[in-house]
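Note that the coordinates shown come from a computational prediction; the quantities given were computed from them, not determined experimentally.
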Amino acid sequence: MHNWIDNYNRGFDGGHLVMMLTMLAFWGFVVWGAVMLYRRNGITGSASGKSATAINPAQVILDERLAKGDISEVDYKSRSEALKGIFPADSSGN
């Protein structure tokens, strides 16, 4: 007959190690999945809702110059169209 108490008191055997590693892998996968969902949905915390990589910095400068009155609206439109040709990923026109 097997002595369960004696087997338990022998200490840390392989079954406990496998169980611990499996639990760490499970929670690591859960955290990884949450991060991937967070990134996929584009939650950035910015007011515009765009990720930092989607914002064209040249377009932002152009918008600021128009707001300050440094350039005319005609000049703004022509430069904005030129930027759309350079940066086709920014199709929002901002």
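Looking at heavy atoms from C-beta onward, Ile71 lies in side-chain contact with Leu62 at the 4.5 angstrom threshold.
Between the CZ atom of Arg65 and the CG atom of Asp75 there is a distance of 7.5 Å, given to the nearest 0.5 Å. Expressed to the nearest 0.5 Å, how far CD1 of Ile61 lies from CG of Asp70 amounts to 12.0 Å. Taking CD of Gln59 as the reference point, atom CG of Asp63 lies at 5.0 Å (rounded to 0.5 Å).
Heavy-atom contacts from other residues, nucleotides or ligands closer than 6.0 Å to CE of Met23 number 12 or fewer.
Under the 4.5 Å side-chain heavy-atom criterion for ILVMFWY residues, a single connected hydrophobic cluster contains both Phe29 and Met36.
Of the charged side-chain nitrogens involved, none lies within less than 4.0 Å of a carboxylate oxygen, so that Glu81 and Lys77 do not count as a salt-bridged pair.
Using modelled atom types, no side-chain atom of Ser80 and backbone atom of Tyr76 make a donor-acceptor pair closer than 3.5 Å.
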